[in-house]
Amino acid sequence: IEFSDFVERYFDFDCISQRIKDNKQEINKDITLVAKWEVSKYEIIKKYSLEPFGITVQSLNRTIVDKIFAICDYMMDDKIEKHSRHIYDIYKLLNFVRLDENLKKLINDVRKVRKENEKCYSAQDNININELLNRIVKENIYKKDYQNITEKLLYKVIKYEEAIKAIEKIIDSKIFE
């Protein structure tokens, strides 16, 4: 597989937008953890620039918001194939994200940024996200793709019927109203 094909297949560039609520994380290589105990080996770490370093990462809250907008955008653009993984990701992320007023504020901030991009259909003012999410659930929009692709990639299989409950929970929370 060519690098450009890899990037196109595994990364979504349709709605790249400015960063909101980023987090700084330290990346610590395993070798550094072991070598810190022995001063002589730590010199090797320094010599080859293997020390821990900081990296900016997107918050889980921002990630789940982007994924919710993404599944709506793909549905509106009739590009369901290979995008059901977002349903699984949302299901997993919901274990770490609170559906509260802070998230609601972030949703509004993200919507403002995304609506500047013409391919971010669901971020436009006249679009009701809860209606789109209801359609995704009721019409099983992503079910076939999820069963044919996403389920087969999972180490621990989460069936579509379980994963889609995350979308139902988001609808019930009224966080997008």
Side-chain angles (χ1 to χ4, degrees), residues 9-25 55-177:
R9 179 180 286 170
Y10 294 102
F11 296 95
D12 293 327
F13 291 107
D14 287 342
C15 289
I16 293 177
S17 58
Q18 75 184 43
R19 299 186 324 230
I20 300 173
K21 304 277 186 194
D22 291 339
N23 294 324
K24 282 280 193 192
Q25 297 288 327
I55 187 169
T56 302
V57 295
Q58 184 168 280
S59 73
L60 296 179
N61 286 6
R62 173 64 193 263
T63 301
I64 198 169
V65 170
D66 278 336
K67 286 183 175 289
I68 293 165
F69 277 113
I71 61 171
C72 293
D73 290 337
Y74 291 128
M75 179 183 67
M76 292 174 79
D77 203 21
D78 199 27
K79 292 184 177 179
I80 304 304
E81 190 177 350
K82 298 180 185 173
H83 296 292
S84 63
R85 68 185 183 277
H86 295 302
I87 302 290
Y88 172 80
D89 294 342
I90 292 166
Y91 170 81
K92 294 304 257 181
L93 285 166
L94 242 138
N95 292 312
F96 305 99
V97 173
R98 285 185 165 158
L99 301 173
D100 61 12
E101 286 303 313
N102 290 329
L103 188 65
K104 195 168 194 161
K105 183 188 177 322
L106 178 62
I107 289 167
N108 290 329
D109 292 344
V110 170
R111 189 173 209 153
K112 286 176 191 169
V113 171
R114 289 179 70 94
K115 76 178 176 180
E116 294 173 13
N117 185 320
E118 64 186 33
K119 288 195 172 198
C120 296
Y121 314 109
S122 63
Q124 303 310 311
D125 292 330
N126 61 336
I127 302 298
N128 183 319
I129 296 295
N130 271 350
E131 286 178 11
L132 296 175
L133 294 175
N134 267 310
R135 184 172 164 219
I136 287 169
V137 172
K138 288 185 175 142
E139 296 178 25
N140 291 310
I141 299 290
Y142 286 95
K143 185 174 185 174
K144 183 179 174 187
D145 187 71
Y146 189 96
Q147 291 173 331
N148 291 337
I149 297 174
T150 302
E151 276 185 18
K152 294 175 181 175
L153 297 173
L154 302 177
Y155 177 72
K156 180 182 177 201
V157 175
I158 303 296
K159 295 289 186 190
Y160 175 82
E161 292 74 17
E162 179 64 23
I164 201 67
K165 289 178 184 176
I167 305 303
E168 293 170 348
K169 187 174 180 179
I170 291 164
I171 295 166
D172 291 343
S173 76
K174 299 180 181 359
I175 201 78
F176 276 90
E177 289 183 357

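Only this structure's heavy atoms are used, side chains among them; waters, hydrogens and symmetry mates stay out. Count residues from 1 along the sequence.
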Do Y160 and N140 come within less than 4.5 Å of each other through their side chains, counting heavy atoms only?
yes

Please determine whether a side-chain nitrogen of the Lys or Arg among D66 and R62 lies less than 4.0 Å from a carboxylate oxygen of the Asp or Glu.
yes

E177, CD: over 12 other non-hydrogen atoms inside 6.0 angstrom:
yes

Rounded to the nearest 0.5 Å, what separation is found between the CD1 atom of I87 and the OH atom of Y146?
8.5 Å

Roughly how far, to the nearest 0.5 Å, is CD1 of I141 from CG of L133?
11.5 Å

Can you confirm if the aromatic rings of F69 and F176 lie within a centre distance of less than 6.0 Å?
yes

Heavy-atom check, side chain of Q147 versus side chain of K159, under 4.5 Å:
no

List the steps, then state whether side-chain contact (heavy atoms from CB on, under 4.5 Å) holds for I158 with T150.
CA-CA 9 Å; I158 303 296; T150 302; over 6 Å; no

Using modelled atom types and a 3.5 Å cut-off, is there a donor and acceptor pairing between side-chain atoms of R111 and backbone atoms of S122?
yes

Search all heavy atoms of D145 against all heavy atoms of E81 and return the closest pair with its distance.
OD1-CA, 3.4 Å

Working to the nearest 0.5 angstrom, can you tell me the gap between L103 CG and I107 CD1?
4.0 Å

When you look at L94 and I170, which way does the side-chain contact (heavy atoms from CB on, under 4.5 Å) test go after all the steps?
CA-CA 9 Å; L94 242 138; I170 291 164; 3.6 Å; yes

Nearest heavy atoms of Y91 and A163, plus distance in Å:
CD1-CA, 3.6 Å

Side-chain contact test, heavy atoms from C-beta onward, threshold under 4.5 Å: evaluate it for K119 versus D77 and give yes or no.
no

Check for a donor-acceptor pair, side chain of Y142 on one end and backbone N or O of I71 on the other, with a separation under 3.5 Å.
yes

Do the rings of H86 and Y74 sit parallel, tilted or perpendicular, given the 30° and 60° boundaries?
parallel

Which of these passes salt bridge (Lys or Arg N to Asp or Glu O under 4.0 Å) with D73: K115, K79, R114?
R114

If you round to the nearest 0.5 Å, how far is CG of N134 from CD of E168?
9.0 Å

d(K67 NZ, I90 CD1) to nearest 0.5 Å is 7.5 Å

Rounded to the nearest 0.5 Å, what separates atom CG in N61 from atom NZ in K105?
12.5 Å

Measure the shortest side-chain to side-chain distance between I68 and I64 over non-hydrogen atoms and say whether it is less than 4.5 angstrom.
yes

Tell me the closest heavy-atom pair linking K174 and K104, and the distance in Å.
O-NZ, 3.7 Å

Side chain proximity check, I136 to M75, heavy atoms < 4.5 angstrom
yes

